[in-house]
Amino acid sequence: MERGAIPIADLSGGLDLQATLESGQSYCWRRDDGRAYEEPFATGGDAWYHTVVGGDVIRARQLDGFLEWESTTDADPLVRELLRLDDDLDAIVAGTPDDPLIDAAYDAFRGMRIVNDPAFPTMISFICSAQMRVERIHRMQIALAETFGEEINANGRTYQAFPTPERLAAASEGELRELGLGYRAPYVRETARMIADGERHPTEARGLPYEEARDHLTEFVGVGPKVADCVLLFSLGHLEAVPLDTWIQTAIEEYYPDCARGSYAATSRAIRERFGGEYAGYAQTYVFHYLRAGLDP
DNA sequence: TAGATACCTTATAG
DNA sequence: ACTATAAGGTATC
């Protein structure tokens with residue numbers, strides 16, 4: 001295993017690894033201790049987490065001002081990329097419009113970063129997220145990896161990669177339902193098949209203008225505008241995407257009623273503008289986590 | 001094109 | 001114990 005330590009003092013805006021990984025934006029990392037992410041998130045800010053990317057295992061934890069990592073490869077650049085450590089978070093916060101709710105959320109969890117997860121696992125996990133609680137979404141992804149994922153042995157431990165599109169496409173609907181996916185099972189299967197067959201791929205949305213990118217992603221089965229926004233924000237670098245989930249919808253009614261426009265597309269445009277445009281997704285993720293933690297007055 | 005409804009499964013509230 | 005309700009929505013009509 002190779003190792004490294006990234007000084008957090010060098011990162012604009014700092015880092016809160018636990019908030020980053022346990023705030024419900026990423027389902028690609030697991031705690032080494034096997035603890036499920038509790039609501040709103042588990043205690044223990046110095047826990048080890050691990051993920052598998054491209055056949056390599058990466059472990060990471062935050063301790064004493066450093067982000068420590070261990071990996072089967074030289075993971076320094078990969079860790080920076082996956083956790084968007086080079087985002088100028090101070091500048092992003094400074095550039096966000098003054099707003100009591102956003103300010104409070106930024107103050108509460110400063111250092112939380114938007115993740116940059118691989119596209120396929122992100123798309124599947126957010127298809128699974130429909131009408132689900134965060135902790136259960138995690139368990140579903142773990143079940144998928146343990147059932148259909150390739151095993152990787154590293155440093156005397158076995159890890160499971162997230163399944164390939166081909167493997168999930170080959171699973172039966174019944175097998176997926178047995179893992180607790182419910183009505184999402186055929187969505188996962190069909191979207192996996194579309195990708196495995198090369199009909200289209202989520203990463204094609206990376207270079208498109210935001211709304212075109214969102215429309216592109218909704219071609220996948222089980223992917224509506226909300227899930228598309230999650231994939232754009234947490235995997236494809238569209239930091240202006242603001243997923244309109246139940247928490248944000250409620251916040252719009254309560255704090256930004258003038259942004260409620262009836263349709264998803266129109267409300268999306270209004271709230272993106274209110275949240276500062278280019279980096280509106282950062283504000284969304286902080287507000288989401290803040291509301292879910294029950295910190296709003 | 002906007003609006004209503006069904007949908008798996010689990011956890012929690014009453 | 002038992003029913004109602006809601007959980008990071010989407011597809012269908």
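Values in this document were obtained by computation on a predicted structure and should not be read as measured data. Each chain gets a letter, A, B and so on, in the order the sequences are listed, and its residues count up from 1.
- Spacing between atom CZ of A/Arg177 and atom C1' of B/dT9 amounts to 10 Å, rounded to whole angstrom units.
- Atom CD of A/Glu2 has more than 12 neighbouring heavy atoms from other residues, nucleotides or ligands inside a 6.0 Å radius.
- In this structure, CG of A/Leu291 is placed 18 Å from P of C/dA6, rounded to the nearest angstrom.
- Atom-to-atom, CE of A/Met132 to P of B/dA11 comes out at 10 Å; the value is rounded to the nearest Å.
- Distances shown here put every side-chain N or O of A/Arg139 at or beyond 4.0 Å from the OP1 or OP2 atom of C/dA7.
- On the P atoms, C/dG8 is 28 Å away from B/dA2, given to the nearest whole Å.
- For A/Arg133 against B/dT10, a side-chain-to-base donor-acceptor contact under 3.5 Å is absent.
- Proximity of the aromatic rings of A/Phe275 and A/Tyr282 is defined here by a centroid distance below 6.0 angstrom, and this criterion is not met.
- One interatomic measurement links the two molecules: CZ of A/Arg261 to C1' of B/dT1, which rounds to 19 Å at whole-angstrom precision.
- Where A/Gly222 and A/Trp247 each meet DNA chain C at their nearest nucleotide, the meeting point lying more 5' is that of A/Trp247.
- Enclosure of atom CD in A/Glu166 by more than 12 non-hydrogen atoms of other residues, nucleotides or ligands within 6.0 angstrom is indicated.
- Residue A/Gly24 is in base contact, counting any heavy-atom pair closer than 4.0 Å across all strands shown.
- Heavy atoms of A/Gln284 sit under 4.0 angstrom from at least one base atom.
- The CD1 atom of A/Ile127 sits 14 Å away from the P atom of C/dG9 (whole-angstrom rounding).
- Note on A/Tyr264: nothing from the nucleic acid sits closer than 4.0 angstrom, heavy atoms only.
- Base pairing of C/dT12 is made with B/dA4, judged by Watson-Crick or G-U wobble geometry with both donor-acceptor distances under 3.5 Å.
- Protein atom OH of A/Tyr27 is 6 Å distant from nucleotide atom C1' of C/dG8, rounded to whole Å.
- Checking A/Pro225 against A/Arg184, the closest nucleotide of DNA chain C that is more toward the 5' end is the one next to A/Arg184.
- To the nearest angstrom, P of B/dT5 lies 15 Å from CD of A/Gln131.
- Here, B/dA6 and C/dA4 have their P atoms 15 Å apart, quoted to the whole Å.
- Atom pair A/Ile248:CD1 and C/dA7:C1' shows a separation of 16 Å (rounding to whole Å applied).
- If you check every strand for non-hydrogen atoms under 4.0 Å, A/Gly224 touches sugar and phosphate atoms only.
- A side chain to side chain contact (heavy atoms under 4.5 Å, CB included) with A/Leu15 holds for exactly one of A/Leu89, A/Ile6, A/Leu67; it is A/Leu67.
- Other residues, nucleotides and ligands contribute more than 12 heavy atoms inside 6.0 Å of the CG atom of A/Asp10.
- Applying the 3.5 Å distance criterion, the base of C/dG9 shares no donor-acceptor pair with the side chain of A/Tyr187.
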